[in-house]
Each structure stands twice: as structure tokens, then as C-alpha cells.
There are 2 protein chains.
Amino acid sequence: MSHIVGARQAQKQRTRQALMEAALVLLENQSLSSLGLREVTRAAGVAPTAFYRHFRDTADLGVALVEEALGGLHAVIRATLAATGDSAVRIDAAVGLIARHVHAYPAHVRFVTRERHGGVRRVRDAIGGQLGLFADEVAAWLATQPDCAAWSEDDRRMLAHVYVDHMVMTASAFLEAGPYGEERVEAAASLARRQLRLIGLGRRHWLD
Amino acid sequence: MSHIVGARQAQKQRTRQALMEAALVLLENQSLSSLGLREVTRAAGVAPTAFYRHFRDTADLGVALVEEALGGLHAVIRATLAATGDSAVRIDAAVGLIARHVHAYPAHVRFVTRERHGGVRRVRDAIGGQLGLFADEVAAWLATQPDCAAWSEDDRRMLAHVYVDHMVMTASAFLEAGPYGEERVEAAASLARRQLRLIGLGRRHWLD
DNA sequence: ACATTCAGTAAACAACCGTTCTCTGATTGC
DNA sequence: GCAATCAGAGAACGGTTGTTTACTGAATGT
């Protein structure tokens, strides 16, 4: 493996990824504030000192995990919002999207829901920042919708906040339901859909 | 201090309380899964081995904290639900109650919101169990309300779930707003009230 | 009064932690 | 080709961790 351009950077990114994946596995049974540096390097198969080539400390690793878990979702959310459709099929699509995402990246979802109110301030803030951006995008989309055009900006942000919070809670519910069978997952989906329907009804009559 | 009946048990409960309070203080800047036994006893001013006279491990301490934080709230919730009033004053009363409770017991609230999805399964389950009981009580109350009497049992549980989740999120929002001044707290209260109004509107038109 | 109970103490244990310093050897730019 | 760079390894450090064992002495029941 020589004379390949960027072979060094490629290998570095590889171990960096190995560290992040090892951390993600370990974080399924504990929280970030108890995650040890040595523990991570051991699981990743590198020397403890190699950790410092990539992260200052485990909190730094956590911030990188937030970026990995949520950074790529903005495009997905924007695309989902742009899709048109009846409100009922909208709800089905949104809940189905969440269900599939949780099924595909359970460890990332668990990490975000666990550390959103977790013991490490920098990670908490990073998650809060990303969710705030999600709310911004939803609020901007709401401004383009006929039924919310006449709302105040504050009220649109309030509703966007509700949608984002509901998305996170639904993801968490799918995560808890997952190991207990498919009917539990379907119950969580049904719950989420009805809650969205309730919110949609409130939205429709907000200006009464 | 001799020849007092129960002097021994009283002193034991005292150190037990000292351990729990010390833990609660330490848990403001970390999460339970990183809380050390020695750390707690040091902060409580007792020998490390004294810990075992009260708790098997720190997870056990966490379960006791859940009981302390949420066990006494059932009566408060039931009393609040029993109070009659217009829906607008109901909302004001509920949000005000949450605000006052967060102000009075910030560490307990922080602990619950942090460990609800935290890294210690037994504590997670204990919190989930208590919140489930809250939802039961709210659902039972909804069954007595004229506008929900015709709802299905499942739908009432869905709405109760929404109310309980909203209560927890509002408490967390108050907690985050607290250190940044009174206007931030008022903004959180306004947000919570409008969200409750939205839910109320959805509830009113559920059977349309 | 006296024997029992038991909350809390004290010392020791092996294991683990984060961090520093030094070194190696393959990739890199020239 | 050759010198410079730098990701990773290795060893050692002082400190902390959970747990065990043996012990103390005041509150207890009779």
C-alpha cells in the first residue's frame, strides 16, 4: 500500500471511524460521561495513545458522533417536507420514514436520545443546535403552507418545535419497542400517527 | 443521644438521605452511569464502605432517587386534575405548577429528564414505570370529562401520553431556561401554554 | 446489667483510568 | 533517492475505582 495518493489520510480516517463505531457500540449500555478513552481504543483495536491523534477527549468524540448522526438528516427532512400529499398520507410517510431510519441506525438514534439531556454539556449543546436547525427548516416550510401563512412567526416556530420533539420521541419509542416484537413496533407507529393527527387537527383550528 | 426510641434507625435514615442528596448534587454535571460509589460517600462525608449499608450499588441509589423525585407527585397530579375551571385557566394553572415545581426541585427534575433515556436500565425502567402511572391517572381523568367520554380507551391513553410527555419536556425547558434570566423562563412558559392550547384544539375536534 | 445487634470505620487488594514521553516506520513532498 | 512528516505503539506515572475483610462502639432487647 504505497504510492497511493492520500493513503495516509485514508488510513487515518479509517481508524477515526473505527473509534467512533466502537464508541457507538459501547454507548448502547452506558452514557457518554462514563465512556472511557481506553475502553474505546480497546474496542477499536488501537493503542490508547492513538486516541489523541483524532479527539481531544471523549466529549470531543461525542460531538463528532452528533454530526455523524444528525448532520446528514437535513437533506432528508427537506426532501420529505417538499413532497406533497394529503395530510393522512403525509403522516404515514413521516412515521414510516422515522421507523425505517431507526431500524437502519439504531445506535445513532439511541445515542442522540440518550445524550440530548445527558451529562456532557458540549454534546447536549451540539444536539440542541442540530434540532434547532431542524425546527428552523420546518418553520420555513410551514410559512409556505396555505393554512399557516397567516400565523405569527412565533406560532410557526412553536408548531415546528412540536413536530421536531415529536419526531425525537417517536424515534425513541421505536427504539424501545424494537426488541419486543413487531406488534410493539406497529403499536408505536399507530400511537405516533394518531398523535400527529391530533396535532394536525389543532393546527387546522388554530386561528378559529 | 441515648435511650431515644428509634435513634438508630433515625441516624441511618439521615446518612441515607445525605448519600442521596450528595448524589443529586453530583448528578447535575454528569450522568448516573458515571457516578462513583466513592465519589458519593466522599461528598456525603462518610466512609466508602458505609454505602453498602444502604444501597447495593449506584444503580440502586438511582432507583431510590426516582422514587423520591416522582413518588410524591401522584397526589399533586390527581389534585390538579380534580380542580375545575375553564380550559385557558387550566392551562395557566398546569404550566404554573410545573414552573414552581422545577424552581423548587431543580436537581430532582434534572435527574429525571437526564436518566429517563440514560445509560442505566433499572433506573430507566423505574422512571418509565412512574410516568406510565401518571398516564394512567390522566387517562382515567379523561374518561370523566364530557368531551372525551365517547373516545376509545386507546385514544384516551394516547392523549394522556401526550400530556405526560409534554409535562416532562416543559419541565426540561424550564430547567434549561432557568439560568438565563426570567424572560427566558417566561418564553418557555408561553411556548408551553400555546402547545397545550394546540393540543386542546386537537382534542376538541378529535371526533369530527 | 448484660449480651446482642449493626451503622459506620479502617486498611488493603487488584484493576483500571487519563496523560506524558519516547520511539518506530511507512507515507509524503521535493 | 532522501529528508521530513506524522499515525500509531509502547512503557511508565500517579491517582481513583469497587469490593473484601476485620474491627469498633453506641443503641438495642431482655
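Just so we're on the same page: letters track the sequence lines, and every chain starts at 1.
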* **Check ion pair Glu153(B)-Arg156(B) (N to O, under 4.0 angstrom)** => yes

* Asked: Roughly how many Å is it from CG in Leu61(B) to P in dG18(D), rounded to a whole number?
  -> 12 Å

* Please report, rounded to the nearest Å, how far the P atom of dT19(D) is from the CG atom of Leu37(B). => 7 Å

* From dG25(D), dC17(C), dA12(C), nucleotide with atom closest to Arg8(B) side chain -> dG25(D)

* In whole angstrom, give the distance that lies between atom CD of Gln30(B) and atom P of dT16(D). => 15 Å

* Asked: In chain order, what residues pass the side-chain contact (heavy atoms from CB on, under 4.5 Å) check against Ala69(B), with sequence neighbours excluded?
  -> His108(B), Val112(B)

* **Rounded distance in Å - CG (Asp60(B)) to P (dG18(D))** => 15 Å

* Contacts to DNA chain C from residues 40-58 of chain A, heavy-atom cutoff under 4.0 Å, which residues? -> Arg42(A), Thr49(A), Tyr52(A)

* Asked: Is Arg197(B) salt-bridged to Asp155(A), cutoff N-O under 4.0 Å?
  -> no

* Figure out the CZ/P separation between Arg16(A) and dC6(D), and round it to whole Å. => 17 Å

* Asked: With sequence neighbours left out, what residues match His54(A) under ring-ring contact (aromatic ring centres under 6.0 Å, His included)?
  -> none

* Structure fact -> Sequence neighbours excluded, the answer for ring-ring contact (aromatic ring centres under 6.0 Å, His included) partners of Tyr163(B) is none

* **Under the side-chain hydrogen bond (donor to acceptor under 3.5 Å, both in side chains) test, residues paired with Gln11(A) that sit two or more places apart** => Arg14(A)

* Nearest-angstrom distance from the residue atom CZ of Arg38(B) to P of dC13(C) -> 14 Å

* When the distance from CD of Gln11(A) to P of dC6(D) is rounded to whole Å, what number comes out? -> 16 Å

* Rounded interatomic separation in angstrom, taking NZ from Lys12(B) and P from dT28(D) -> 13 Å

* To do: Tell me whether the OP1 or OP2 atom of dG8(D) has a side-chain N or O from Thr15(A) closer than 4.0 Å.
  => yes

Quick one: side chains of residues 181-193 of chain B, donor-acceptor pairs under 3.5 Å with protein atoms, not counting sequence neighbours, listed by atom name and distance.
unit_1    : atom_1 : unit_2    : atom_2 : d
Glu186(B) : OE2    : Arg193(B) : NH2    : 2.7

* Between dG18(C), dA27(D), dT28(C), which nucleotide has the shortest distance from any of its atoms to the side chain of Ala7(B)? -> dA27(D)

